[in-house]
Structure formats: structure tokens, C-alpha cells
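To start, the structure under review is shown below, and the notes come after it.
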Amino acid sequence: MMFAAIVQVEEPTDAQMAMFVELSEKYNKPEEAYGVVELFANCAASYRVEAELFEPDKPASAEFRRNLANGAEMVSLFIGSLHYDAPAPMTTGMIETRITQYIANFEMAPDEAVADLQNNLSICVDASLFQKSVIDAMRQTLPASQN
């Protein structure tokens, strides 16, 4: 199975910039925040599934995907915390549900599951600029001892 490589891009692509603007406008609106929380929960699940597919043959690639998953989960939790009282159970539930869907799809229709995963990862790559900016902002607000 071949998956799109996720690389650090020095200049954002047009798709990444469009996604960044769209998400930046949406995350402050309570009525649209759920979609942003769901998007990054889906990215966390997609990266985790991709990591499992890389194990054990490519452990460094798998670890990289797990780190991307952790970042996506953090963004989901952060945006959720701005609008909801209990974002952690919501985000965790979304991630677990999506992983279960992937596993079931891989059992029933592997080719369709691969296509679905690749499509979701493409969306996550487009959203990576927003993910990075939120994580950078979170790091800047932490005391120096926690960075």
C-alpha cells in the first residue's frame, strides 16, 4: 500500500492557505466549531491508522504519524475547549469511532478503505498549516518550564 508522504513544506500550498483561512474563520464561531473539532479528531484517527500500517517495517515513519496524530488531537481538544464544557470525551469518542470505522472498512473492502484513508490524509495535509499554527500558539502561552 502506498500512502502520500507528509513532509514539512516551507511555503504553504494554495490548498493549505485556503484551508487555513477557512478554519481560522470557523473556529471562533460556536455553530461551526464542532466541524473543526471533528475534522482534527478525524485527522488524529487517520494518522494513527496510517502509523499502524507502517509498523513494524517503518518504525520512524510510524512514530512521525503518531506525532501528527497527537498534534491533531491537541487541536481538536483546544478548539473544543473554547466552546464545550467537556471536549475530551467528545474528541476521544470521535477518534475511537473513526478508528473502528477504518478497521471495519479494511476488513470488508480493503481497496475502498485505502482510498478513504488517502482522501482523509489529503484533507489533513491541507489542514496542517492550521494545525501547526494552533500548536505554536499553544506553546507560546505555556510557561517556559513546560515548553
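Just so it is clear, the structure is predicted and the values come from calculations on it, not from any experiment.
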When rounded to the nearest 0.5 Å, the distance separating CG of N70 from CG of L77 is 10.5 Å

Determine whether more than 12 heavy atoms belonging to other residues, nucleotides or ligands lie under 6.0 Å from atom CE of M90.
-> yes

Do D136 and R139 have side-chain heavy atoms sitting under 4.5 Å apart?
-> yes

Residue list, salt bridge (charged side-chain N to carboxylate O under 4.0 Å, His left out) with E52, at least two apart or on another chain | none

Non-neighbouring partners of E73 that pass salt bridge (charged side-chain N to carboxylate O under 4.0 Å, His left out), sequence neighbours left out | R48

Rounding to 0.5 Å, atoms CG (L53) and OG (S61) come to a distance of 12.0 Å

When every non-hydrogen atom of A41 is compared with those of T91, the smallest separation belongs to CB-O, 4.2 Å

Point-to-point distance, once rounded to the nearest 0.5 Å, from CG of N42 to OG of S76 = 10.0 Å

Non-hydrogen atoms of A45 and I99 that approach each other most closely = CB-CG1, 3.7 Å

Less than 4.5 Å apart, any side-chain heavy atom of F20 and any of P12?
-> no

Test salt bridge (charged side-chain N to carboxylate O under 4.0 Å, His left out) applied to E32 - qualifying residues, sequence neighbours left out = none

About how many Å separate CG of L23 and CG of N28, when rounded to the nearest 0.5 Å?
-> 11.5 Å

Name the atoms and distances for all side-chain donor-acceptor pairs under 3.5 Å in residues 80-89, with sequence neighbours left out.
residue: S81; atom: OG; partner: F78; partner atom: O; Å: 2.6
residue: H83; atom: NE2; partner: Y27; partner atom: O; Å: 2.7
residue: Y84; atom: OH; partner: Y34; partner atom: N; Å: 3.4

The side chain to side chain contact (heavy atoms under 4.5 Å, CB included) partners of D126 (sequence neighbours excluded) come to A15, Q16, M19

Grab the two heavy atoms, one from Y47 and one from V125, that are nearest each other, plus how far apart they are.
-> OH-N, 4.1 Å

Where do M94 and E38 come nearest, in terms of heavy atoms and distance?
-> SD-CA, 3.6 Å

Note: L68 and Q131 closest approach over all heavy atoms is O-NE2, 3.3 Å

Euclidean distance, Q101 CD relative to E96 CD, rounded to 0.5 Å | 12.5 Å

Can you measure from NZ (K26) to CD1 (I79) and round to the nearest 0.5 angstrom?
-> 13.0 Å

By salt bridge (charged side-chain N to carboxylate O under 4.0 Å, His left out), R66 pairs with (sequence neighbours left out) E55, E63

May I ask you to check whether F40 and F130 place their ring centers less than 6.0 Å from one another?
-> yes

Side-chain donor-acceptor pair under 3.5 Å between Y102 and N120, yes or no?
-> yes

